[in-house]
Structure formats: C-alpha cells, structure tokens
Protein chains: 2
Amino acid sequence: MLPAERRNHILKMLNKNSKIEIEVVAVELNVSPMTIRRDLALLEEQGLAYRTHGGAVLYNGLHREVPYKSKETTNIDEKERIGREARKLIKEGYTLILDAGTTTLAIARAIKEVKNLTVITNDLKIALELNDDSDANVYCLGGLVQKGLGITLGSEAQDFLSNIRVDICFLAAPAIDLDWGITNPSMEKANLKKKMIKVADQIILVTDHTKFYKKAFVHVADLKDIDVLITDSGVDSKTIEAIRSLGIDTRIV
Amino acid sequence: MLPAERRNHILKMLNKNSKIEIEVVAVELNVSPMTIRRDLALLEEQGLAYRTHGGAVLYNGLHREVPYKSKETTNIDEKERIGREARKLIKEGYTLILDAGTTTLAIARAIKEVKNLTVITNDLKIALELNDDSDANVYCLGGLVQKGLGITLGSEAQDFLSNIRVDICFLAAPAIDLDWGITNPSMEKANLKKKMIKVADQIILVTDHTKFYKKAFVHVADLKDIDVLITDSGVDSKTIEAIRSLGIDTRIV
DNA sequence: TTATTATGTTACCTGCCGAAAGAAGAAACC
DNA sequence: GGTTTCTTCTTTCGGCAGGTAACATAATAA
C-alpha cells in the first residue's frame with residue numbers, strides 16, 4: 001500500500017468516526033504506530049486532522065465542542081459579511097444549492113427574506129434553519145448522516161442531483177490551491193460536490209482565508225470552473241491577483 | 001475513549017444541561033472523579049467552563065439557546081416514559097425506523113446509549129439529535145422539507161424505503177380510531193407511513209392519549225397491523241381492552 | 001550507483017490516570 | 001456562633017501508555 005493511499009485511508013476512517021485511535025489504525029493498516037504518527041503529523045500540517053493524545057479527531061474548523069454561545073459568535077462578522085455578499089447574487093424565485101458547512105449556514109440565514117426560493121442542501125442544520133424562518137421550499141438530500149457534522153452523503157443524494165438543475169450553487173471547500181484547485185479529503189463529499197457543480201448554471205465558492213494553500217486528496221474542481229469567489233481579507237494579494245487573472249469574479253468582504 | 005474525546009463529551013453535557021456534577025460525569029464516562037477535575041481545570045483554562053464545587057457550569061452562565069425551535073411542549077413526561085418503554089424493545093445492532101414526530105424524538109433521546117444501531121428517519125430533528133450524541137448510523141430520508149415541521153416527504157423517501165428492511169418501526173399517529181384504525185390528514189405522509197410498515201418486521205405504535213377517538217382523511221393501517229402499542233394512562237380502559245382483544249401487546253406507561 | 005524517501009526500532013521523555021492523604025468548603029448540629 | 005462531620009478539592013506520587021528523536025534499514029527515484 002502506497003503512503004498516499006494509506007493517508008487517504010486514515011482520512012476515510014476519520015471521516016467515518018470523526019476520531020481515530022493510533023493503535024487501532026496501525027493494526028488495521030498493518031504498519032507501526034510510528035508510521036501512523038508521522039502520517040497524522042502530516043495531515044495536521046495540512047489542516048485536515050487534529051492530533052490528540054492517542055489518536056486524532058476530525059478537523060472541521062471546530063475540532064472541539066464549543067458552547068453554543070461562543071459557537072455563534074466565532075467569526076460571526078466574517079460569515080455574516082460573506083452571507084450578505086452571497087445574497088446579492090440571488091434573485092427572487094431562484095433555485096439554488098447550498099453545500100454543507102458553517103459559511104453556507106451563514107448564507108442560509110442571510111437569504112431568509114428572499115421570496116420564493118427553492119433550496120437544495122445536504123446539511124440538516126441549513127434545512128432546519130430555513131424551514132423555521134423562511135418561506136423557501138427546502139429539499140434535503142437523503143442518505144447516511146455523517147457523524148458529528150449533521151450532513152448527508154450517499155448515492156441517494158447523487159441520484160437526486162442527477163434529476164435537477166439549479167440557477168446557482170454555493171460551494172464550500174476545505175482546501176484550495178492555485179495549482180490543484182479545490183480538493184477534499186473525502187471521496188464521497190468530493191463526488192457530491194462535483195455533482196453539485198455539474199447541475200448548476202453558476203458556481204460561487206465561499207470560503208474563509210484559512211482554506212487557502214491547502215491540498216487534500218480528491219480533486220473536486222479546477223479554479224477555472226468557479227464563477228465567483230467570496231472570501232475574507234485574510235488572503236494575500238498575490239493569490240487574489242492570480243485568481244482574478246483566471247477570470248473569476250473575486251469578492252473580498 | 002480518547003482524552004480529547006472525553007473532554008468533548010463533557011462540553012456536550014455542559015451545553016445540554018448548562019451544569020454538570022463531577023461524580024455523575026465520572027460514572028458516565030467510567031473514569032475517576034480526579035480525571036474529570038483535571039479535564040475541567042483544562043476547560044476552565046480555555047474559558048469554556050466555569051468550575052464550581054462538585055461540578056461546573058457554562059462559562060457565561062446563560063442557559064443554552066435551543067438551536068432549533070421545538071414544539072415539544074405538550075405531555076413531555078408522558079413522552080419520556082414512552083421513550084423509555086420503547087427502548088426496552090430495542091436490542092444492540094438493531095435496524096429501526098423512527099417515524100417523524102415529537103414522541104419518536106423522545107424515543108431517539110432514550111436510545112442514545114444503545115450500541116450499534118442503524119436508524120432511518122424522515123425527521124431532521126431526530127437525525128441531528130442522534131448524530132450529536134449517539135454512535136448510531138443514521139440515515140435521513142431526503143425530499144421536500146415540510147414547512148415548520150422539519151420532516152421530509154417525497155418520492156425519494158419512498159424509493160429509499162423500497163430498498164431496505166428493518167427489524168422494528170416506531171410509528172407515530174395523529175388519529176386513532178377503533179373502527180378506522182390509524183388515519184392521517186396528509187396523503188403523502190400516509191403513503192410514507194404505509195411504506196414504513198411494509199418494510200418492518202415489527203410495528204410499534206407510540207402515541208399519547210390525545211390521539212385516540214380521532215379520524216383523519218387517509219387510511220394508514222388497521223389496528224391489527226400493529227404489534228405493540230405504547231401509550232399513556234389517559235386512554236380509557238374499555239378502549240384498551242378492545243385493543244388488547246385484537247392481540248396487540250398494549251403497554252401503558 | 002547515489003540520493004531520497006519511507007519505515008521500523010530503540011531509548012528516553014512526557015502526559016495521563018488513579019490512589020492516598022491532607023486542606024478547604026459546605027452543611028448540620030448543638 | 002462555633003464545632004463537628006461530611007464532602008469535595010488539591011497535591012503528590014508511581015505506574016503506564018503514548019509521544020519524540022535519533023539511528024538503522026529498506027524501498028524508490030534519479
């Protein structure tokens with residue numbers, strides 16, 4: 001088994017259980033614990049895992065449970081700004097996809113007042129949020145709920161997307177690189193995102209600056225596939241210039 | 001269990017109850033109180049908890065804002081009791097369907113500790129509830145989200161159910177009548193419930209007394225299709241007798 | 001081949017955990 | 001109010017599992 005393959009496998013296990021134990025992984029992959037430690041050190045460097053004593057937990061920006069109060073207030077300004085900017089791209093009556101994630105959740109909150117929307121999402125929190133306070137028609141993708149994240153994955157979701165077409169898709173991404181484009185540690189999530197991109201007229205990438213210069217294992221899309229990028233001011237200007245030169249409408253909020 | 005995992009768990013308990021007792025946590029997590037103290041010292045250092053004698057409270061002292069409005073205001077005690085009774089019917093490793101509803105949500109809360117379950121539901125709140133605090137595999141049915149209810153309906157859900165088989169199905173019902181059986185005001189919901197009944201080995205009807213002697217529009221099932229009925233003591237004994245005479249294991253909690 | 005990367009092994013270090021004992025609180029009692 | 005009693009907290013220690021670093025070896029690439 002190739003090292004990259006093994007790391008991919010580790011990430012899969014992480015995605016599945018949202019945590020792993022080194023000893024268990026070492027036995028399963030038939031390598032020494034030392035090797036797994038080295039792998040995890042690498043994955044942590046890439047921001048894809050968060051090491052703990054005895055193992056690692058999934059890095060999702062919130063690697064630990066935070067009280068609701070502070071969860072609400074962490075980066076709320078940034079996300080609210082991204083949400084408001086995203087709203088400008090949406091017209092009444094639009095059909096849109098909201099990818100799973102905290103930034104897209106902020107978008108959901110920002111578009112509650114827009115009339116007559118149809119929203120497709122695989123994030124249960126987004127679905128409930130819009131269900132409670134907006135008049136949008138919300139379609140939730142079905143499938144296996146990913147532990148700890150409240151998002152669905154699976155072939156059912158893929159099938160559903162095969163039969164629809166939407167005006168606009170708001171995509172979240174955990175890893176963005178100028179050469180590699182958008183990548184994702186999980187094969188299933190990557191496939192779902194690919195499908196989302198396929199069925200949308202317009203692709204909007206929404207992401208904060210921490211996701212740049214990172215590479216994960218599965219390719220989702222090239223940067224040129226993106227129509228609009230909305231991000232915060234933490235990205236360095238050379239990168240922004242490079243992205244703009246690809247013809248992407250890049251908005252810093 | 002990893003130390004980091006345990007601390008996460010402690011924070012979850014804190015979020016839920018806004019206060020915890022060391023002794024209780026120690027027993028629940030199966031470690032010594034000393035360990036919990038150390039964990040709390042750590043969490044306090046990070047500003048996530050505030051230690052008190054015998055336990056800890058949320059740092060800001062405020063009660064957690066319930067993230068999703070729950071209409072679960074009526075008959076809470078009855079529902080909790082029904083949930084506990086329902087748990088007795090479930091064994092480790094079971095596959096089950098939880099119909100949408102507040103009573104079934106109570107069941108979800110009651111079965112969090114049962115290991116190795118696979119749960120299928122069309123209620124987003126149930127999916128999120130189990131996703132957060134249990135190790136169950138949760139499948140959420142996809143489709144159009146019913147405004148204000150947070151439940152999904154549609155052909156996708158029907159298709160999904162066509163391909164599975166479960167050990168046990170917990171069915172909620174808004175209207176029960178001795179002659180008409182179980183009825184429902186919505187054609188789509190009724191069809192979904194019919195499908196659920198079809199794919200389950202055992203059907204458990206869970207409902208509080210307020211749903212009796214009511215008739216709705218669409219027929220879902222006859223009472224004789226039910227294996228077990230769990231309800232509260234508000235149903236009059238003649239009705240209970242009549243139901244028991246149909247061979248239904250009727251449990252009053 | 002030579003340089004590079006990947007892996008395992010060893011020795012040593014650190015962090016985690018529970019037990020025990022004394023200190024500090026809280027509660028109950030006179 | 002003050003003393004007693006019980007609980008909870010802190011400190012300290014030892015044992016142990018996990019982590020680190022350095023080195024040796026094997027696999028791979030140039």
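Throughout, a chain's letter reflects where its sequence line sits, starting with A, and its residues are numbered from 1. Scope of the values below: all heavy atoms of this structure, side chains included, with no hydrogens, waters or symmetry mates.
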Tabulate atom names and distances for all N/O pairs under 3.5 angstrom spanning the protein and nucleotides 24-26 of chain C.
from: dG25(C); atom 1: O3'; to: H53(B); atom 2: NE2; distance (Å): 3.3

Round to a whole Å and report the spacing from [atom1] of [X] to [atom2] of [N].
X	N	atom1	atom2	answer
R51(A)	dG15(C)	CZ	C1'	13 Å
I10(A)	dT7(C)	CD1	C1'	13 Å
I22(A)	dT14(C)	CD1	C1'	14 Å

Mind checking side-chain hydrogen bond (donor to acceptor under 3.5 Å, both in side chains) for [X] and listing every partner two or more places apart, or none if nothing turns up?
X	result
R6(A)	D39(A)
N137(B)	none
N17(A)	none

Where does the chain A footprint on DNA chain D start and end, counting 5' to 3' with a 4.0 Å heavy-atom cut-off? dG18(D) to dA21(D)
Checking R251(B) now: which residues fulfil salt bridge (charged side-chain N to carboxylate O under 4.0 Å, His left out) with it, not counting sequence neighbours? E85(B), D249(B)
How bent is the helix from dT1(C)-dA30(D) to dC30(C)-dG1(D), measuring the angle between the end axes built from five pairs each, rounded to 10°? 40°
By the ring pair (Phe, Tyr, Trp, His ring centres under 6.0 Å) test, which pairs, at least two apart or in different chains, include something from residues 93-139 of chain B? Y139(B)-F160(B)
Sequence neighbours left out, what passes side-chain contact (heavy atoms from CB on, under 4.5 Å) with A110(B)? Give chain and number order. none
Residues E129(B), K112(B): salt bridge by 4.0 Å N-O rule: yes
Test side-chain contact (heavy atoms from CB on, under 4.5 Å) applied to L96(B) and I120(B), I204(B), I168(B), the passing residue: I168(B)
Using a cut-off of strictly less than 4.0 Å between a heavy atom of the residue and any atom of DNA chain D, enumerate the qualifying residues of residues 30-39 of chain B by number. M34(B), R37(B)
Give every residue pair that meets the salt bridge (charged side-chain N to carboxylate O under 4.0 Å, His left out) criterion with at least one member in residues 219-241 of chain A, sequence neighbours excluded. D222(A)-K224(A)
Name the atoms and distances for all side-chain donor-acceptor pairs under 3.5 Å in residues 26-33 of chain A, with sequence neighbours left out.
from: S32(A); atom 1: OG; to: T35(A); atom 2: N; distance (Å): 3.4
from: S32(A); atom 1: OG; to: T35(A); atom 2: OG1; distance (Å): 3.3

